[in-house]
Amino acid sequence: MNVPALFLVPYPIETGYAIDSYVAMFLRAATRLNDGDATSVHFGFTATGGHSRTLPPDFDRIVRFDPLGDSDSERRELVQYIRANGIRFVMLLDVQPVSPLVRLLRDAGVDLVISYWGAPISSPFAAPRRWLKRVNVLLGGRSRVDSLIFESKAMAELAVVGRGCSESMLDVVPLGTNPARFQVYGGRAHIERSFGIGPEQTVILFSGHTHERKGIGTLLDAAIQLCGEEGRRDLFFLLCGNRDGEADRWLQQIRGTAARSAVRFAGYRSDMPLIMSGADIGVIPSSGWDSFTVSSLELAAAGLPVVVSRLGGLPEAIVEGETGLIFPPGDARALARCLADLADHPDKRLALGERGRARVHREFTLEAQDARLAAVFERRFREAKHDGRSEPPAAHDISSPETASNEAECA
């Protein structure tokens, strides 16, 4: 199949964090769609100086894209790029189901427009407001995307109960990882040497951003209970992913408690495969929102049982009682019970970890992720062509304020 594709990312080219992994994933899946030909794949970023570290060094098929831009020149540049390169398929990152930007793309001759969401698209709404949202989507016409892709069923459900989307518009593509990266040896010796952990201690590992929504406060409260109230000295809490200064507020929470000596913020690290392979329990205690996280797969790929909160797509990342445990979000005592159970029963945690590792190998590799994403691209493109959704380019619409206004009204 030959489908020139453009991926519009509303961030600078060198953003980093999870955006890098998205760019790499989109490139692989679109190349797969085009039977291994990457020359038909293009990207757009809000600022294009420098270079994305996830794209090949000689990759030059890049256009400037600003979803909030309101100048005619910016719109014309994007439209001219689309027409000059024969772009047939555009995927937007985190753009609402109905947006003037979508009409702009259709007027430029694009056949298929998909929006990819790595975050919640909406909060749930009561029936009256939900129906208003649904009417907005139904009447979206040429400003409505053809499909929305989510990383978990829970996130896709928010598009129904929050944005009023029909289920026929939704696709779920879980993330994947490379499990071979996390099957390394020497991890235990590495973390004992790096962090002064004793061989008798059970290492509980968190890997991710240390934003408040990630439930760091809940994890530290569980540490206070276990190390303070219950007097345990056999546990060590290792938190990786904090940037400069981010740990300060959390250390205040455990200052003067027995948990202080059992908690270490290790920062943003390049040796995570070794650290994961040497830990005993993985934990994702999110309390705000979360989707189907890569860290849950990485922890499982390293052979760790994973404890997650019952929030968003996290419960889909494990099989409760088989590869990990689930606790109510924000419930530190319930989290403490889960961690104590696994710490006190090494055979159980080893069994859960091995089943989790096998599940990642079986279902959640990068190859499986890319194949699922490319399959969605191909199916949706065939549907769009069959339905005849695209129309001849309408040049007179390109610079009109109605077409180019930003999508905030649709949020």
* Report yes if some heavy atom in the side chain of F65 is under 4.5 Å from a heavy atom in the side chain of L101; otherwise report no. => yes
* Do the charged groups of D171 and R372 touch, with an N to O distance under 4.0 Å? -> no
* Structure fact -> side chain to side chain contact (heavy atoms under 4.5 Å, CB included) test vs F265 passes for just one of N242, D248, L238, namely N242
* To do: Would you indicate whether the side-chain heavy atoms of D94 and Y11 approach each other to under 4.5 Å?
  => yes
* Could you please spell out the steps behind the side-chain contact (heavy atoms from CB on, under 4.5 Å) verdict for L8 and L78? => CA-CA 10 Å; L8 297 179; L78 178 60; 4.3 Å; yes
* To do: Spell out, as yes or no, whether a donor-acceptor pair under 3.5 Å connects the side chain of R349 to the backbone of L342.
  => yes
* **For the student: nearest non-hydrogen atoms of N178 and L366, plus distance** => N-CG, 3.9 Å
* To do: Flag the pair Q183 / H361 as yes when at least one side-chain heavy-atom distance between them is below 4.5 Å, and no otherwise.
  => yes
* Worked check of side-chain contact (heavy atoms from CB on, under 4.5 Å) between E167 and V160 -> CA-CA 7 Å; E167 294 185 2; V160 176; 4.0 Å; yes
* How far apart are the closest heavy atoms of S295 and S207, and which atoms are they? -> CB-O, 3.5 Å
* Asked: Between CG of L33 and CZ of F89, what distance do you get to the nearest 0.5 Å?
  -> 7.5 Å
* Asked: Passes salt bridge (charged side-chain N to carboxylate O under 4.0 Å, His left out), R382 versus E378? Steps please.
  -> CA-CA 6 Å; R382 293 188 187 282; E378 181 173 357; 2.8 Å; yes
* To do: Would you indicate whether the side-chain heavy atoms of V173 and Y116 approach each other to under 4.5 Å?
  => no
* **Those residues that, when tested against T210, pass side-chain hydrogen bond (donor to acceptor under 3.5 Å, both in side chains) (two or more places apart)** => E246
* To do: Specify whether F7 and F26 have parallel, tilted or perpendicular ring planes, treating 30° as the upper limit for parallel and 60° as the lower limit for perpendicular.
  => parallel
* Under 3.5 Å, is there a donor-acceptor pair between the side chain of S296 and the main chain of T293? -> yes
* **Derivation and outcome, side-chain contact (heavy atoms from CB on, under 4.5 Å), residues I121 and F150** => CA-CA 9 Å; I121 192 171; F150 297 90; 4.0 Å; yes
* Is the backbone of I87 close enough, under 3.5 Å, to the side chain of N85 for a donor and an acceptor to pair up by distance? -> no
* Fit a plane to each ring of Y81 and H42, take the angle between them on a 0 to 90° scale, and name the class: parallel (under 30°), tilted (30 to 60°) or perpendicular (over 60°). => perpendicular
* Closest non-hydrogen atom pair between G330 and T218, with its separation -> CA-OG1, 3.5 Å
* **From CA spacing to verdict: side-chain contact (heavy atoms from CB on, under 4.5 Å), L105, L6** => CA-CA 11 Å; L105 297 173; L6 171 62; 5.6 Å; no
* **Interatomic distance, S309 atom OG to L219 atom CG [nearest 0.5 angstrom]** => 11.0 Å
* Asked: So, R142 side chain and R103 main chain: donor-acceptor pair closer than 3.5 Å or not?
  -> no
* Asked: Looking at side-chain heavy atoms only, is the closest gap between F292 and F364 below 4.5 Å?
  -> yes
Only distances under 3.5 Å count here; give the side-chain donor-acceptor pairs of residues 273-286 to other protein atoms, sequence neighbours excluded, each with its distance to 0.1 Å.
{"residue": "S277", "atom": "OG", "partner": "P273", "partner atom": "O", "Å": "3.3"}
{"residue": "S277", "atom": "OG", "partner": "L274", "partner atom": "O", "Å": "2.9"}
{"residue": "D280", "atom": "OD2", "partner": "R188", "partner atom": "NH1", "Å": "3.1"}
{"residue": "D280", "atom": "OD2", "partner": "V203", "partner atom": "N", "Å": "2.7"}
{"residue": "S286", "atom": "OG", "partner": "D290", "partner atom": "OD2", "Å": "2.5"}

* Atom pair CZ/SG of R264 and C240 - distance to nearest 0.5 Å -> 10.5 Å
* **Any donor-acceptor pair under 3.5 Å from D66 side chain to T46 backbone** => no
* **R61 side chain to V41 backbone, donor-acceptor under 3.5 Å** => yes
* Search all heavy atoms of G228 against all heavy atoms of A258 and return the closest pair with its distance. => CA-CB, 3.9 Å
* To do: Please report the closest heavy-atom contact between A332 and A222, naming both atoms and the distance.
  => O-CB, 3.6 Å
* Would a distance-only check, ignoring hydrogens and angles, find a side-chain to backbone donor-acceptor pair under 3.5 Å from R359 to A317? -> yes
* Are side-chain heavy atoms of L297 and Q369 found at a separation under 4.5 Å? -> no
* Report yes if some heavy atom in the side chain of F206 is under 4.5 Å from a heavy atom in the side chain of I216; otherwise report no. => yes
* To do: With the side chain counted from C-beta on, respond yes when K385 and R88 share a heavy-atom pair under 4.5 Å apart, and no when they do not.
  => yes
* To do: Please confirm whether the backbone N or O of S147 pairs with a side-chain atom of R380, one donor and one acceptor, at under 3.5 Å?
  => no
* Give a yes/no verdict on a cation-pi contact between R243 and Y268, requiring under 6.0 Å between NZ or CZ and the six-membered ring centre and an angle within 45° of the axis. => yes
* Would you call R337 and D341 a salt bridge, taking side-chain N to carboxylate O under 4.0 Å as the test? -> no
* **Minimal non-hydrogen separation, F195 against A266, with atom names** => CE2-CB, 3.7 Å
* F327 and its side chain to side chain contact (heavy atoms under 4.5 Å, CB included) partner, picked from L311, V308, L335 -> L335
* Measuring from L339:CG to L325:CG, what's the distance to the nearest 0.5 Å? -> 8.5 Å
* Check against salt bridge (charged side-chain N to carboxylate O under 4.0 Å, His left out), R32 and E367 -> CA-CA 10 Å; R32 189 183 187 109; E367 175 74 12; 3.0 Å; yes
* Asked: Quick one: does W117's side chain have a donor or acceptor within less than 3.5 Å of a partner on V95's backbone?
  -> yes
* Asked: Any Lys/Arg nitrogen of R28 or D370 sitting under 4.0 Å from an Asp/Glu carboxylate oxygen of the other?
  -> yes
* Asked: Does the pair E157/K153 count as a salt bridge with the N-to-O cut at 4.0 Å?
  -> no
* Structure fact -> CZ (R333) and CG (L226) are apart, to the nearest 0.5 Å, by 9.5 Å
* **side-chain hydrogen bond (donor to acceptor under 3.5 Å, both in side chains): pairs with one or both residues in residues 313-326, sequence neighbours excluded** => R310-E320
* Asked: From R357 CZ over to L352 CG, what is the distance, rounded to the nearest 0.5 angstrom?
  -> 13.0 Å
* T31 side chain vs L27 backbone, donor-acceptor pair below 3.5 Å -> yes
